[in-house]
Amino acid sequence: MAHGAGGRLSQELMQRVFMPHIQNAFLDILDDQAKLDLPPGKIAFTTDTYVVSPVFFPGGNIGELAINGTVNDLSVGGATPLYISTGFVLEEGLPLTELEAIVRSMAAAARRAGVMIVTGDTKVVGRGQCDRIFINTSGIGLIRNNTALSCRNLQLGDAVILSGTVGDHGMAIMTSREGLSFHSRITSDSAPLNAMIAAILDEVPSIHAMRDPTRGGVAATLNELASSSSVGIEIDEAAIPVKDDVRGAAELLGIDPLHVANEGKLVLVVAAHDAVKVLAVMRSSEQGRDAALIGRIVEEHPCMVVMQTALGSRRIIDLPPGEQLPRIC
Amino acid sequence: MLIEVQGPLSRLLLFSDALLDDAPPLSRIASMQESSIPLEREDGFVIGCSAAADEVETLIPPDIALCSDCRRELLDPGDRRFRYPFINCTNCGPRYTIVDRLPYDRPWTSMQGFTMCPECEREYSDPLNRRFHAQPNACSTCGPVLSLLDAYGDPLSVDPHPDPAALAASRLRDGAVVAIKSLGGFHLSVDALNDSAVKRLRDGKGREAKPFAVMMPSTATVLHYCDACEAELIALQSAEAPIVLLKKRAGSHLADSVAPGNDRLGVMLPYTPLHKLLFEQGPEVLVMTSANVSEEPIVSDNDEALHCLKGMADLFLMHNRPILTKCDDSVTIHLSGTLRQIRRSRGYVPAPISISNDGPVVFGTGGELKNTVALLKGSQALVSQHIGNVQNYGAYLHFEQTASHLQHLFQAVPELIVHDMHPSYMSTQWAMRQDVPILGVQHHHAHLASCLAENMEDGPAIGLLLDGTGYGTDGAVWGGEVLIGDAQGAVRFASLEPMPLPGGETAIKQPWRAGIGYLFRSCPVLPELPFMQGREVFQVLELLQKGVGSYETSSCGRLFDAVAAIAGLCGTISFEGEAAIALTEAAGGETGKKAFRFGLEEHHGRWLMLVSPIIQDVAAAVRQSCPSREISRRFHRTLIDCFKATIAEASRASAIRTVALSGGVWQNPLLFETLSLELEAAGYRVLTHSRLPANDGGISLGQAIIGRRYLAGHYEGVG
Ligand SMILES: [Fe+3]
Ligand SMILES: [Mg+2]
Ligand SMILES: [Zn+2]
Ligand SMILES: [Zn+2]
């Protein structure tokens with residue numbers, strides 16, 4: 001790919017790479033803006049920029065990550081994702097075949113999630129000015145009218161549910177980026193959560209809070225929830241699902257899987273009496289097969305997450321450090 | 001305390017002499033001022049009320065072991081407190097652990113629920129009685145009572161045995177595990193001569209190999225099982241009654257599982273009347289280990305005990321006098337002629353430590369593991385009891401409670417809170433949440449300042465600071481450092497050559513990984529050694545080759561781990577320091593005559609004590625099937641020679657002849673005794689820890705001292 005800021009090259013990219021894969025009524029018009037008909041109700045609007053190395057990793061690539069991530073950010077707010085915009089920053093020299101593969105998987109991810117990519121932009125920058133490809137996506141969704149999701153909504157006694165195994169995405173990225181030969185079977189969990197979340201909200205509209213535990217892992221998400229509601233969260237080490245491979249890789253690297261990013265998991269807080277119902281719905285969905293009740297909301301230790309360990313002691317789960325420096329003396 | 005006396009001058013002089021010379025055993029006169037006031041005619045002896053709270057300077061005394069007078073009464077069938085397990089007097093009994101708030105009067109202690117009977121009241125109010133104003137004074141009529149509960153917390157029918165202590169003693173003899181409520185918390189106790197009972201306790205506690213402390217009834221029994229010098233016996237019998245790590249006597253027949261693979265045994269004497277009673281009918285030696293779950297703090301509450309120790313204890317021997325402040329047993333070791341703290345708690349806390357400077361109130365939050373906190377007030381430092389690993393929630397609560405309790409007891413509000421530079425220490429995170437100015441100081445700088453402070457020195461000194469892990473000013477993991485300076489600031493003159501630690505904390509728990517890391521960096525071709533068998537070496541190698549998940553460390557503790565692993569002495573550990581202990585034990589108390597190669601090189605203005613030649617030589621020795629005893633001896637000799645050479649260099653550069661030794665590695669008796677002796681022989685003045693632990697239990701004081709320099713505008717940190 002040649003360096004070309006705007007103009008003819010971008011036009012060509014659009015025609016040759018994007019259009020064949022992403023086609024819909026809005027895009028085909030090739031206007032500078034998408035003109036959307038929005039159903040009445042409250043709208044959720046989100047944006048996120050995706051930067052990942054390697055761009056292709058076991059279980060996915062940056063393209064589907066950019067779609068799933070934004071779909072999930074809308075979904076955990078109780079919104080039904082409708083439209084997505086995409087912005088690309090491409091490094092000069094990125095093979096067109098790679099770009100095409102990325103775009104193809106974006107289109108597939110959008111189809112899978114039932115959202116439309118309605119507008120987009122592309123910039124090509126010089127070598128070294130970005131790392132292969134950066135993608136920004138923004139999304140618009142319609143908020144379901146019977147939900148009151150809020151991270152300030154946690155109630156004492158609530159159940160904390162996790163939709164599946166922790167750490168898959170971050171460990172897949174780390175092991176593949178560093179080219180570690182063992183644990184190479186670890187694959188990212190990148191997936192859209194909107195179908196599962198819709199099913200959950202259909203069954204139990206009164207979910208108190210939902211978050212997708214991406215950067216910083218489950219530990220960061222739980223800490224944010226605890227702080228927002230000024231409650232304590234107690235989790236049980238034995239109940240937290242971790243794949244053996246992920247556990248092994250995390251141990252080898254000296255990292256706590258709870259601090260590792262996920263891209264297709266849901267942390268959900270619900271009144272205890274609804275927990276069984278939620279678990280049943282989750283487990284019947286592809287993304288929630290390994291769902292587990294991992295903890296509860298407690299009065300003790302407000303704003304703190306404490307884990308009951310397998311040894312019977314209680315460990316404070318704090319925010320992940322910038323770097324995993326040993327604390328043991 | 002204010003004393004008002006009147007009479008002829010000669011009698012007054014006699015009085016003040018007697019006050020100094022014949023003071024009661026537990027009193028401590030820090031200073032005395034005399035002045036005269038107009039004479040008013042007054043008769044009799046009156047004790048006034050304690051001063052108002054804002055005036056209090058009273059120091060809360062530590063808990064004190066059963067005194068000889070009370071012991072005599074306890075065992076005297078004619079005494080009204082015969083076999084009363086809570087007998088005490090002004091010379092002994094609980095103090096710090098039962099005080100809720102000031103002033104130290106009965107209503108503010110956990111004795112407030114017990115109303116003295118007329119007889120006790122009479123003793124309490126009689127100035128000539130040994131129990132005059134003994135706040136915990138009690139007897140079987142009015143005081144706390146014992147109870148014995150079964151494993152499910154149901155009271156045992158005590159019909160044939162009217163005495164719970166006697167029944168518990170007999171059950172201990174039968175091999176039962178008994179949870180016993182002592183002064184600062186519960187113990188789990190078992191017959192130390194019954195191997196299967198001790199193993200049952202290990203299983204219940206989930207404690208694989210870490211040595212248990214034992215309690216013996218008398219120094220005669222101690223001498224039967226251990227070698228102990230005069231000073232060690234005195235320490236055992238002191239009012240503080242700490243655990244003393246004594247050399248096991250060859251052929252002693254304690255259960256092997258008490259302190260496996262260790263040539264020392266932690267021993268204490270009975271320090272409460274209840275302990276004394278247990279030995280009347282119980283086993284000859286009792287294992288007495290702090291009752292807790294994994295890293296949780298010691299259990300101190302009755303309900304908590306029944307809940308947390310379920311499945312560990314067959315019986316609960318408890319009582320109804322609440323423990324208000326948790327306090328573990330203190331652990332000491334007698335090295336180079338001085339008793340040294342390893343864990344400073346019961347008996348010593350909260351006795352103040354005098355420091356050489358005066359200034360504002362400063363609070364030090366300590367480290368992460370082996371945490372203690374320290375409060376500076378005037379020219380005194382109050383260093384808390386051992387709190388533990390504050391990443392544990394129970395220990396964190398204990399930390400918060402102790403922080404506020406100390407500030408309350410000593411009526412001191414800090415102007416500055418000082419914490420470690422490590423961003424993720426819970427003690428750091430706590431400091432950042434307080435509404436008080438804070439300062440982060442470097443870990444080993446705090447070690448240096450702590451050693452200087454407890455020796456009443458201002459420095460400067462050459463600090464040889466050896467430990468496991470401390471966050472460096474460059475964000476790296478330090479732990480084998482030579483810092484030259486004082487509390488104000490220090491220069492990192494030298495450090496051990498950095499080595500890779502593949503997988504961070506995992507390599508700390510599994511020293512074989514550290515062994516691979518050290519070999520990888522040191523040897524051009526990785527030698528194949530027996531310790532690698534059955535280990536996933538290739539995985540660790542891949543991390544090292546690709547430079548992923550590896551941390552550079554100049555730690556001395558990790559060097560011990562790596563050498564222990566390479567020598568095949570310890571591949572994985574179940575408690576902190578296990579590998580280093582195994583390596584030192586292998587030396588059998590001697591350093592070698594021959595050393596491995598080491599080197600000293602200057603890099604960018606800092607000296608590196610080269611580790612790679614040592615590792616190369618250790619690997620070669622292992623390949624030649626050199627016995628581990630010889631490897632260990634040579635290794636110790638190498639470190640000693642290397643440190644001496646570095647200190648000589650530092651002394652040349654700085655013209656300083658004082659050396660301060662701090663950091664957990666100095667709990668290694670062989671390294672400590674040999675090096676300090678050789679340094680002194682070479683003409684250095686050597687400052688060591690004794691009243692505070694050399695390990696991270698001592699850094700809270702150093703932090704606070706540095707904080708005072710900062711408040712005075714004289715802080716430079718580590719350059
Ligand atoms: Fe340290
Ligand atoms: Mg996002
Ligand atoms: Zn006494
Ligand atoms: Zn009485």
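Letters A, B, ... mirror the listed sequences (proteins, then strands); counts begin at 1.
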With sequence neighbours left out, write down each residue that passes ring pair (Phe, Tyr, Trp, His ring centres under 6.0 Å) with A:H169, or none if nothing qualifies. A:F57

Does a side chain donor of either B:D467 or B:H444 reach within less than 3.5 Å of an acceptor in the other side chain? yes

Relative to chain A, which segment of B:Q510 carries a heavy atom at a distance below 4.5 Å: side chain, backbone, both, or neither? side chain

Counting only non-hydrogen atoms closer than 4.5 Å, does B:R207 touch chain A with its backbone (N, CA, C, O), its side chain (CB onward), both, or neither? neither

Carboxylate-amine/guanidinium proximity below 4.0 Å for B:E400 and B:R433: no

With A:K243 as partner, the option from A:D189, A:D168, A:D290 fulfilling salt bridge (Lys or Arg N to Asp or Glu O under 4.0 Å) is A:D168

Between chain A and each of B:K546, B:E295, B:R513, count heavy-atom pairs under 4.5 Å; write down the option with the most. B:K546

According to the interplanar angle, ranging from 0 to 90°, do the rings of B:H447 and B:H443 count as parallel (below 30°), tilted (30 to 60°) or perpendicular (above 60°)? perpendicular

Filtered by a 4.5 Å non-hydrogen cutoff, the part of residues 293-304 of chain A contacting chain B is A:E300, A:H301, A:M304

Check: B:K370 side chain, B:D696 main-chain N or O, donor-acceptor pair, under 3.5 Å: no

Taking every non-hydrogen pair under 4.5 Å, which of B:T553, B:N389, B:L543 racks up the most with chain A? B:L543

Highest number of heavy-atom pairs under 4.5 Å with chain A among B:S294, B:G549, B:C308 belongs to B:S294

Give a yes-or-no answer on whether the side chains of A:E263 and A:N68 include a donor-acceptor pair shorter than 3.5 Å. no

Non-hydrogen side-chain atoms of A:Q155 and A:H208 separated by less than 4.5 Å: yes

Counting heavy-atom pairs under 4.5 Å to chain B, which of A:R315, A:E251, A:R177, A:M307 comes out on top? A:E251

Side chain to side chain contact (heavy atoms under 4.5 Å, CB included) for A:L258 and A:I235? Distances and angles first, verdict last. CA-CA 11 Å; A:L258 286 175; A:I235 57 173; 4.2 Å; yes

